[in-house]
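Quick note: residue numbers are just sequence positions, from 1.
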Amino acid sequence: MSRCNRPGNHYGAGNSVSKVDDTRSVWKPKAKINDGSLDSASDKSDSKIKHTDVDRRTDWKPKAEIDESLDSASFSQNDRSTGPGESSFDESAFGVDTFKQTLTELDDYNGFKKVKQYGDKSQKPTLNELDDYSGFKKVKQYGDKSLKPTLNASDDDERPKHHVFDICPKKSSSGVKLKPPLHVTNREKRNQIKQSTKGQNIEILGPGIVLLKGYISFDDQISIVKTCRDLGIGEGGFYQPGYNSGTKLHLQMMCLGQNWDPDTHTYTKLRSSDNSKPPGIPEKFSDMVKKAIHDSNEFIRGNSGSLNEGKVVPSMSPDICIVNFYTKTGRLGLHQDKDESEKSLKKGLPVVSFSIGDSAEFLYGETRAIDEADKVTLESGDVLIFGGKSRLIYHGVSSILPDTAPTSLTEASDMRPGRLNLTFRMY
């Protein structure tokens, strides 16, 4: 039975129905109702729909109750007029309350700045799909959920090659900075004066092993820290090296001159992890290395005579420097520096090590056995040289002594707690 022939219907039965239907010439089935047409019909006096007929359509539903199964694509965002303070974004076009929640979730991802259009609710990108894509600045439209976004060349250029490690991070200005105790400041000043008046304090630890205590001046230490900081935050700067197995070294490393790969134990022009080019060795660093070798040999000759000429360290001009930064928990196992050229190793060209910041327990010996190794404490400003017959000694850092760096150094350079170590060699 049709709707119009039901008992008690206002229009009765038979031919009277066709007359009423003729007047409703603009009525369309529910599935084809256009967005906003019913609202505009009730608001405008010139509508072709007769209000008496529309009011008596008992099966008609207001716009707010339209079935969500209608194709959202059939609604236009431009059909809805907006007033002052209203958003021009037509939320009804999406038909789901979860859309706002999705935008809220996307706001937590800094790479996404704006979502202009979002398709069918069944086509949402999942957070798992989006989580690893930090190069995206904007999502205009996301289609089939099976299509994951891909990075193009420009996105890859914007993404940092590696995590930037700053050895001199900017300190918060909101905190209160306390001055060191007066006795600590006075002690450091006395040590600096003592070193300048006493002259060089050099120890021979073995054939070709020389320790120059407090050799690097306070001003030169600050200069080295600031230079390494500037180089370390740029291309080829500090990163945490590791092996293909996934094991990471307990330090941050930067190579100067050539890149050293701890996994392959080879020197290369570019770093394999990000194809970055290592910075060059500053000329001032090279001059300090040459002077340290010269002063060491002068001391050896003056104290040992010609009978111990074998203890003299061969001269060299460094073309490689490995800069390591150890945090309070940093360490480095016993190893040999034997990846340089055969010619360099055969001549016994030395490794020259600068220590700045916190003190370190340094181990060295003829074998890899820790219990057989000798130990010496390397303090800020010390220079250690090993070459000649001791060029291939095993050496490493067993521990860092926290908070042992000179307070005046950390204040003047803003270096973070830890030890900065530069080891120079010639390939």
Close side-chain approach of [X] and [Y], heavy atoms under 4.5 Å:
{"X": "R416", "Y": "P169", "value": "yes"}
{"X": "I224", "Y": "M288", "value": "yes"}
{"X": "C228", "Y": "L422", "value": "yes"}
{"X": "P278", "Y": "L256", "value": "no"}
{"X": "H294", "Y": "K290", "value": "no"}
{"X": "T327", "Y": "T329", "value": "yes"}

key: Criterion side chain to side chain contact (heavy atoms under 4.5 Å, CB included) on W260 and I320, from CA distance to verdict   = CA-CA 9 Å; W260 178 71; I320 296 171; 6.0 Å; no

Anything under 3.5 Å between a donor and an acceptor, one on a side chain of residues 392-400, the other on a protein residue two or more places apart or in another chain? List them.
| unit_1 | atom_1 | unit_2 | atom_2 | d |
| --- | --- | --- | --- | --- |
| Y394 | OH | Q336 | OE1 | 3.4 |
| H395 | ND1 | H335 | O | 3.3 |
| H395 | ND1 | I393 | O | 3.2 |
| H395 | NE2 | H335 | NE2 | 3.4 |
| H395 | NE2 | D337 | OD2 | 3.3 |
| S398 | OG | E361 | O | 3.3 |

Kindly give the heavy-atom pair with the smallest separation between [X] and [Y], and that separation in Å.
{"X": "D403", "Y": "K328", "result": "OD1-NZ, 3.6 Å"}
{"X": "S413", "Y": "C168", "result": "O-SG, 3.4 Å"}
{"X": "L251", "Y": "P241", "result": "O-CD, 3.7 Å"}
{"X": "M316", "Y": "P350", "result": "CE-O, 3.4 Å"}
{"X": "L363", "Y": "I370", "result": "CD1-CG2, 4.1 Å"}
{"X": "Q221", "Y": "G381", "result": "NE2-CA, 3.6 Å"}

Approximate separation, where rounding is to 0.5 Å, of [X] [atom1] and [Y] [atom2]:
{"X": "L420", "Y": "M254", "atom1": "CG", "atom2": "CE", "value": "7.5 Å"}
{"X": "S315", "Y": "M426", "atom1": "OG", "atom2": "CE", "value": "11.0 Å"}
{"X": "Y215", "Y": "I385", "atom1": "OH", "atom2": "CD1", "value": "8.0 Å"}
{"X": "L378", "Y": "L401", "atom1": "CG", "atom2": "CG", "value": "10.0 Å"}
{"X": "N421", "Y": "F325", "atom1": "CG", "atom2": "CZ", "value": "11.0 Å"}
{"X": "I322", "Y": "N259", "atom1": "CD1", "atom2": "CG", "value": "8.5 Å"}

N/O donor-acceptor pair under 3.5 Å between [X] side chain and [Y] backbone:
{"X": "D382", "Y": "G214", "result": "yes"}
{"X": "N297", "Y": "V313", "result": "yes"}
{"X": "S223", "Y": "D219", "result": "no"}
{"X": "S390", "Y": "P207", "result": "yes"}
{"X": "D263", "Y": "Y243", "result": "no"}
{"X": "R331", "Y": "H250", "result": "no"}
{"X": "D358", "Y": "A405", "result": "yes"}
{"X": "R301", "Y": "V312", "result": "no"}
{"X": "T404", "Y": "S359", "result": "yes"}
{"X": "R391", "Y": "L349", "result": "yes"}

task = Scan residues 237-254 for pairs that pass salt bridge (Lys or Arg N to Asp or Glu O under 4.0 Å), counting only residues two or more places apart or in two chains.
result = none

Identify, with sequence neighbours excluded, every residue that meets side chain to side chain donor-acceptor pair (under 3.5 Å) alongside [X].
{"X": "Q240", "answer": "none"}
{"X": "T227", "answer": "none"}
{"X": "S317", "answer": "none"}

Verdict with reasoning, I209 to L211, per side chain to side chain contact (heavy atoms under 4.5 Å, CB included) = CA-CA 7 Å; I209 308 177; L211 174 61; over 6 Å; no

task = Would you mind listing every ring pair (Phe, Tyr, Trp, His ring centres under 6.0 Å) that reaches into residues 396-427, with sequence neighbours excluded?
result = Y267-Y427, F354-F424

ask   = Are L384 and S355 close enough, and set up right, to give a side chain to side chain contact (heavy atoms under 4.5 Å, CB included), and what steps lead you there?
value = CA-CA 8 Å; L384 178 68; S355 296; over 6 Å; no

Pairing of K277 and E235 as salt bridge, 4.0 angstrom limit = no

inquiry  = Does this structure show an ion pair linking K226 with D414, if we count only N-O contacts that are shorter than 4.0 Å?
reply    = no

ask   = Taking the six-membered ring for Trp, are F238 and F165 parallel (under 30°), tilted (30 to 60°) or perpendicular (over 60°)?
value = perpendicular

message = Walk me through whether C321 and F285 qualify under side chain to side chain contact (heavy atoms under 4.5 Å, CB included).
response = CA-CA 10 Å; C321 177; F285 289 5; 5.6 Å; no

inquiry  = Counting the benzene-type ring for Trp, do F386 and Y364 have ring centres under 6.0 Å apart?
reply    = no

ask   = Hey, are D274 and Y239 close enough side-chain-wise for a donor-acceptor pair under 3.5 Å?
value = no

